[in-house]
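This report refers to the structure that appears directly beneath it.
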Amino acid sequence: MGESRKLAVSWRDGACSIRGFDSFDLHTTCQCGQAFRWVRAGNAGQLEEGVVQGRFLRLEQRDAELVVHPPADDETIAVVVDYFRLRQSHTAVEASIAGIDPTMAAAVDSARGLRLVAQEPWECLISYIVSANNSVAQISRVVENLSRAWGKPIGSSSRYSFPAPGDLECASQADVLTCKAGFRSRSICEAARRVARGELDLNAVTAMDYHAAKQELIRLRGVGEKVADCVLLFSMGKFEAFPVDVWIERVVRHLYFGGEKTSQRDIREWAADKFGDLAGYAQEYLFAYARLAIPDRLRSG
DNA sequence: AGCCAGGACACGA
DNA sequence: TCGTGTCATGGC
């Protein structure tokens, strides 16, 4: 999992072209349900628009080339490269997982080029508090509502930055409820207060090892093992995390436990033993594999 | 009308 | 420790 690839970056007409990365699929990565602010632009093709670190990004993949549409300054390119971990040799990760057994080979085949993106911990935390007993489409809607209500407008993009902890702390629970956050509104407000007041330091949590960090996150209302694992995996670089949701529970039970009902705890232990350091990547391919049976229109957002 | 969605939590046995 | 009802909200 070393970050060693050398990328080639070139500009033309204000757009920037990044080359030199290996296995990467923009659309698969943006629409797999790990991040909630990406919108596919156009019906087909590889064009995605999203907001990362307060920047509006308009990205287009042309095979082995990733185009960052204007404005594409040095800092924006750095944000894109870090977010998608483009310096990481992903072919090796996929080969390693596919080599585990035929089922995992099929799972990797179903979503080749799927990356684990490096989200911002604060936004990721709130997003996954919102995710509880919710659909991907609805989560995206609520995150966008929160941004529109308390974030800052980004140029002429019609999009808004995700609100900082201090900005969200100003919101009342009733205000958050108007964003359609439902019963999660109280959890959102409490998390905002604790982070804004420095009672919870997400950078410090990121620096902890997996188990210590998880224990810390779970102290928050609305954060159980599954949500904590998502935050750890999608924003804190803890690749051993294996979030167990209803989809993972179903697909693992069916593919590996002969259809017998298995506790989430058993599945987590099984995954840690079977996948080790790559459990998080294995989980994402299994998640994509499981959801493949569902018609595309249900996932488009 | 009823079930489900990238669950968490309080409760009771 | 393990199962169960409940929590908003929208799509099917």
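Each chain gets a letter, A, B and so on, in the order the sequences are listed, and its residues count up from 1.
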Extract from the structure each pairing of a protein N or O with an N or O of nucleotides 4-6 of chain C at less than 3.5 Å, listing the distance.
none

Exercise. Roughly, in whole Å, what's the span from CG in A:Asp266 to P in C:dT1?
Worked result: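 Value for this atom pair: 13 Å.
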Exercise. Can you tell me how far P of B:dA5 sits from CD1 of A:Ile248, to the nearest Å?
Worked result: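 It is 13 Å, rounded to the nearest whole Å.
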Is there a donor in the side chain of [X] and an acceptor in the side chain of [Y], or the other way round, less than 3.5 Å apart?
X: A:Thr76; Y: A:Asp73; value: yes
X: A:Glu249; Y: A:Gln264; value: yes
X: A:Glu94; Y: A:Tyr281; value: no
X: A:Gln173; Y: A:Ser185; value: no

Exercise. Hey, can you pull the residues of residues 167-183 of chain A with a non-hydrogen atom under 4.0 angstrom from DNA chain C?
Worked result: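 Per residue number, the list reads A:Leu177, A:Lys180, A:Gly182, A:Phe183.
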For this session: Taking the side chain as every heavy atom from C-beta outward, state whether A:Pro243 and A:Leu233 have any pair of such atoms under 4.5 Å apart.
Result: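 In short, these two side chains touch, coming nearer than 4.5 Å.
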For this session: Answer with yes or no whether the hydrophobic clustering places A:Ile154 together with A:Ile77; edges join I, L, V, M, F, W, Y residues whose side-chain heavy atoms lie under 4.5 Å apart.
Result: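 Hydrophobic grouping puts A:Ile154 apart from A:Ile77.
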Ignoring hydrogens and geometry, is there a side-chain-to-backbone donor-acceptor pair from [X] to [Y] under 3.5 Å?
X: A:Arg184; Y: A:Ala181; answer: yes
X: A:Asp25; Y: A:Gly113; answer: no
X: A:Asn134; Y: A:Ser131; answer: no

For this session: Write out all pairs satisfying side-chain hydrogen bond (donor to acceptor under 3.5 Å, both in side chains) with one or both partners inside residues 114-128 of chain A, taking only residues at least two apart or from two chains.
Result: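 Listed by first then second residue: A:Asp22-A:Arg115.
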For this session: First locate atom CZ of A:Phe242, then atom NZ of A:Lys226, and finally report the distance between them rounded to the nearest 0.5 Å.
Result: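 Reported value, rounded in 0.5 Å steps: 12.0 Å.
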Exercise. Base, sugar-phosphate alone, or nothing: which one does A:Arg250 contact when heavy atoms must sit under 4.0 Å apart?
Worked result: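 Sugar-phosphate: the residue A:Arg250, judged by heavy atoms under 4.0 Å, touches backbone atoms but no base.
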Exercise. Between C:dC7, C:dT9, C:dG11, which nucleotide gets closest to the side-chain atoms of A:Asn133?
Worked result: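 The answer is C:dC7.
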Taking the [atom1] atom in each of [N] and [M], what is the distance between them to the nearest angstrom?
N: C:dG10; M: B:dC9; atom1: P; result: 23 Å
N: B:dC3; M: C:dT4; atom1: P; result: 15 Å
N: B:dG2; M: C:dG5; atom1: P; result: 15 Å

Exercise. Hey, can you pull the residues of residues 210-217 of chain A with a non-hydrogen atom under 4.0 angstrom from DNA chain B?
Worked result: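 Close to the strand, none.
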For this session: Scan nucleotides 8-13 of chain B nucleotide by nucleotide, 5' to 3', and note B when protein non-hydrogen atoms come under 4.0 Å of the base, S if they reach only the sugar-phosphate, - if neither.
Result: SS----
Problem set entry | Heavy atoms of other groups near A:Arg194 CZ, more than 12 under 6.0 Å |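 Check passes, neighbour count above 12.
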For this session: Kindly write out the residues that satisfy ring-ring contact (aromatic ring centres under 6.0 Å, His included) with A:Phe183, not counting sequence neighbours, or none if the list is empty.
Result: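 A:Phe183 satisfies ring-ring contact (aromatic ring centres under 6.0 Å, His included) with no residue once adjacent residues are dropped.
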